**Student:** 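My questions will all concern the structure given below.
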Amino acid sequence: MKSTIFQSMEQTFIILKPSTIQRGLVGQVIDRFQKKGLIITGIKMMQLDEKILREHYAHLIERPFFPDLLRSMMATPVIVMCLCGKDAVEVVRSMTGATNCRKAAPGTIRGDLGMSGQENIIHASDSVENAVIEINRFFRHEEIFTYRPLTFTATYSPDEID
Ligand code: UDP
Ligand code: MG
């Protein structure tokens, strides 16, 4: 993976899940991230298969809902994205909200846009370490772009960017 735009910036990984594609919420979800000030450094549509999902959700393979989760994640193509910003992993996780949309706080993506524990709009990396692993799992090196958006100087103070 290419280095981030600034040393102080992180990259995180998200998946717009099949229910988000089916329900026509793609634009709304991306709009939230862009309005927040995160920038898109990678984006593509892809059909997930069992092999990549068994890696991505390895921590859940033994859970009873895993077969349903597999079916749900393969129901349509998904949109995978790499987002960049200061503390991007933590910022995106807090924008995402609790796993179960019915328990997720209003104002979060899951809290505002969903009703399900499984069909919960997006996946978002849960740590900086996992973000690196997940970006490398879903994107090729040349699919991640590094650029300096003009908006950064209005989005951050000078000491927040390097
Ligand atoms: N999931 C589910 N039932 C559960 C827990 C999780 O269907 O009881 C699904 C849900 O789609 C969730 C995904 O498995 O987003 C991954 O679970 P994890 O615990 O990693 O939650 P997340 O990090 O997505 O909040
Ligand atoms: Mg998780």
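For ligands, and for the atoms within them, numbers begin at 1 and follow the listed sequence. This is a predicted model, so every value here is computed, not measured.
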**Student:** Is any N or O atom of Thr99, backbone or side chain, closer than 3.5 Å to an N or O atom of ligand 1?
**Tutor:**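 Such a contact does occur with ligand 1.
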
**Student:** Decide, yes or no, whether a salt bridge links Arg137 with Glu55 under the criterion of side-chain N to carboxylate O below 4.0 Å.
**Tutor:**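 Judged by the 4.0 Å cut-off on N to carboxylate O distance, Arg137 and Glu55 do form a salt bridge.
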
**Student:** Of His123, Arg93, His59, which has the heavy atom at the shortest distance from atom 19 (O) of ligand 1?
**Tutor:** His59

**Student:** Is it the case that the side chain of Asn130 and the backbone of Ser125 share a donor-acceptor pair, with hydrogens and angles ignored and the cut-off at 3.5 Å?
**Tutor:** no

**Student:** Can you name the atoms of ligand 1, numbered from 1 with element, that are less than 4.0 Å from a heavy atom of Leu69?
**Tutor:**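 Checking each atom against Leu69, I get 9 (C), 11 (O), 14 (O).
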
**Student:** Distance to 0.1 Å, residue and atom name: give those for the protein heavy atom nearest to atom 24 (O) of ligand 1.
**Tutor:** Arg110 NH2, 3.0 Å

**Student:** Using only atom types and a distance under 3.5 Å, with no angle test, would you say the side chain of Glu160 pairs donor to acceptor with the backbone of Ser157?
**Tutor:**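 Here the side-chain-to-backbone pair exists.
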
**Student:** For ligand 1, is there an N or O atom under 3.5 Å from any N or O atom of Arg63?
**Tutor:**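 N/O-N/O distance under 3.5 Å: no.
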
**Student:** Does the side-chain hydrogen bond (donor to acceptor under 3.5 Å, both in side chains) test come out yes or no for Thr41 and Gln11, once each step is laid out?
**Tutor:** CA-CA 8 Å; Thr41 47; Gln11 297 202 89; 2.6 Å; yes

**Student:** Could you tell me the residue and atom name of the protein heavy atom closest to atom 5 (C) of ligand 1, and the distance to it rounded to 0.1 Å?
**Tutor:**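 Looking only at protein heavy atoms, the one closest to atom 5 (C) of ligand 1 is Phe65 CZ, 3.4 Å.
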
**Student:** List the closest protein heavy-atom neighbour of atom 7 (O) of ligand 1: residue, atom name, distance to the nearest 0.1 Å.
**Tutor:**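 Scanning the protein heavy atoms, the shortest distance from atom 7 (O) of ligand 1 goes to Gln118 NE2, 2.8 Å.
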
**Student:** Any heavy atom of His56 closer to ligand 1 than 4.0 angstrom?
**Tutor:**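 No, that is not the case, since the closest heavy atom of the residue is not under 4.0 Å from the ligand.
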
**Student:** Test salt bridge (Lys or Arg N to Asp or Glu O under 4.0 Å) on Glu90 and Arg93; report intermediate values, then the result.
**Tutor:** CA-CA 5 Å; Glu90 189 186 343; Arg93 273 298 274 200; over 6 Å; no

**Student:** Closer than 4.0 angstrom: is that true for some heavy atom of Glu119 and an atom of ligand 1?
**Tutor:** no

**Student:** For Phe139, is the NZ or CZ atom of Lys44 found under 6.0 angstrom from the centre of its six-membered ring and inside 45 degrees of the ring axis?
**Tutor:**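 The answer is yes, since Lys44 meets both limits relative to Phe139.
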
**Student:** Surrounding CD of Glu62 (heavy atoms of other residues, nucleotides or ligands, distance under 6.0 Å), is the total greater than 12?
**Tutor:** no

**Student:** List ligand 1 atoms under 4.0 Å from Asn120, heavy atoms only on the residue side.
**Tutor:** 10 (C), 11 (O), 12 (C), 15 (O)

**Student:** Determine whether any heavy atom of Leu60 lies closer than 4.0 Å to an atom of ligand 1.
**Tutor:**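 Leu60 counts as a contact of ligand 1 under the 4.0 Å cut-off.
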
**Student:** Begin with the C-alpha distance, continue with both residues' side-chain angles, and end with the deciding distance and a verdict on side-chain hydrogen bond (donor to acceptor under 3.5 Å, both in side chains) for Ser72 and Gln118.
**Tutor:** CA-CA 8 Å; Ser72 157; Gln118 184 158 88; 4.6 Å; no

**Student:** To which protein heavy atom is atom 10 (C) of ligand 1 closest, and what is the distance rounded to 0.1 Å?
**Tutor:**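 Its nearest protein heavy-atom neighbour is Gly117 O, 3.4 Å.
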
